[in-house]
There are 2 protein chains.
Amino acid sequence: MKAPGTSVLGYALLGLIHQKSSSGYNLRKIFAETAMGSFSSSPGAIYPALERLLNRGLIEGKVEEGSGLRRRRIYRITRSGSEELKQWLSQPVTRDEILRGMAELMLRFAFTEQALGAGEAINFLRKLRVELEAYVPSLRQYLRHNGARMPLSGMLALDSGVRNYETLQRWVEYAIETYQTSLAIKNRLPKKSKKH
Amino acid sequence: MKAPGTSVLGYALLGLIHQKSSSGYNLRKIFAETAMGSFSSSPGAIYPALERLLNRGLIEGKVEEGSGLRRRRIYRITRSGSEELKQWLSQPVTRDEILRGMAELMLRFAFTEQALGAGEAINFLRKLRVELEAYVPSLRQYLRHNGARMPLSGMLALDSGVRNYETLQRWVEYAIETYQTSLAIKNRLPKKSKKH
DNA sequence: CATTTCATGTAATCGGTTACATGATTAG
DNA sequence: CTAATCATGTAACCGATTACATGAAATG
């Protein structure tokens, strides 16, 4: 009765495989060496997750037949895997998701460009901006009203959260601008002036 | 042969109970209403976690005997619970922990002042500063060197991470200053009117 | 030849999510 | 009286952590 569903780690794997077919070992290295390590690591998580994706037909694996090479299984994304990824990426940006932490949002953003195009990436950023514009002031206000009667460390911890969101807001503006500039260059639009 | 261990949620509960004896319901509300909600919520996680703390003797619960009241169990921390909390709070700040995300670090910081005193809170901040001073430049350098050959969205996502850490560094400076100022004031003043 | 690195797994355990269950008390 | 809220749980499921296992190819 329950939809099996895909875990965040599953989507991280799916997105990486969508970008480039890889073996489990390669994927593990990516998690181990980059900031993506926050979504697990270690074979005990990754190999079972890959097998779940395989069983559900979201990826397919072929053993590399190269002559002098070690045997290893290269996974590539299937059509239904691509569809599931795109559906996940298209989900609305909710305050709930923002509260759960930025890691998952950033993962989605990082995959959006290749999977859905730059236009959708901008769209994602705009929706994020709207949510932040509604949420951050209320957080700031809560801090202003209750900060004084909290222990100093609690107030500071909250302040750290507020600063993070404010930084995120500035980043969103920067990211939107960056995208628009890059799009304008690609299209080589004869439009000279852009309003700010 | 394995030490049972306490989960992050367990420490969050332990720290809150250390600050103020509470019922499970009260604790749930704190998680539901504040930013602490990132560590779970929902009775299915909290009540079992409380029972584990109880079984390990880290907290004790007494049913409130108030006449006209609903029965509810008030938990208070035990000596060994207090010790375990302090030990957790005293752990060194490692880069590994920083990579796992700030939520847990901030939780530790928020509890440190009450459990170990303002001096230890400053100490925590200093250790965090040292780790960040070593880590952030390497992250920034990675972005400079590899950013150009990454997809735009990947570069931007990484940039967001760098900005977050830079914001955190500024926050650490601010927090240390705030603590030092507040300590200086407390020590200098011969206790004027402070209480209400 | 021994060690390291490549490459893929498996098993035990444990905690969290989801969803449901149960009563008691207060509010309308 | 009924509905909402208070207050505490329970059970099924599932995925992540930890630690161990295996074997083959490259490296010294």
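Order of the sequence lines fixes the chain letters, A, B, ..., with proteins taken first and strands second; residue numbering starts at 1 for each chain. Heavy atoms only: backbone and side chains are in, while hydrogens, waters and symmetry mates are out.
Using a 4.0 Å cut-off on heavy atoms, none of the residues of residues 80-97 of chain B approach DNA chain D.
Comparing A/I74 and B/P43 along DNA chain C, the residue whose closest nucleotide (by nearest heavy atom) sits nearer the 5' end is A/I74. The residue among B/G44 and A/S42 whose nearest nucleotide of DNA chain D is located toward the 5' end is B/G44.
The listed nucleotides are D/dA7, C/dG9, D/dA16; the one nearest the side chain of B/R72 is D/dA7. Checking C/dG15, C/dT8, D/dG9 against every side-chain atom of B/R52, the shortest atom distance belongs to C/dG15. The side chain of A/Y75 lies closest to C/dG9, out of D/dA16, C/dG9, D/dG9. The side chain of A/Y47 has C/dT10 as its nearest neighbour among D/dA7, C/dC6, C/dT10. For B/P48, whose side chain is taken as the heavy atoms from C-beta onward, the closest listed nucleotide among D/dT10, C/dT10, C/dG15 is D/dT10.
Between the side chain of B/R108 and the backbone N or O of B/Q91, at least one donor-acceptor pair lies under 3.5 Å. Side chain of A/T78 to backbone of A/G57: a donor-acceptor contact under 3.5 angstrom is found. With A/S153 contributing its side chain and A/P151 its backbone, the two residues share no donor-acceptor pair below 3.5 Å.
Across all strands, B/R28 comes closer than 4.0 Å to base atoms (heavy-atom distances). Nucleic acid contact class of B/S23 (heavy atoms, under 4.0 Å, all strands): sugar-phosphate only.
Around CD of A/E133, the count of heavy atoms belonging to other residues, nucleotides or ligands within 6.0 Å exceeds 12.
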| request: Output, in order, the C-alpha distance, side-chain angles, deciding distance and verdict of side-chain hydrogen bond (donor to acceptor under 3.5 Å, both in side chains) for B/E104 and B/Y11. | output: CA-CA 10 Å; B/E104 197 177 328; B/Y11 283 117; over 6 Å; no
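For the pair B/L16/B/M36, a side-chain contact is recorded, criterion being any heavy-atom separation below 4.5 Å from C-beta on.
Evaluation of the salt bridge (Lys or Arg N to Asp or Glu O under 4.0 Å) rule for A/R28 yields no partner, not counting sequence neighbours.
Side-chain N/O atoms of A/S7 include none lying less than 4.0 angstrom from OP1 or OP2 on D/dC14. The side chain of A/Y25 places no N or O atom within less than 4.0 Å of a non-bridging phosphate oxygen (OP1 or OP2) of C/dT8.
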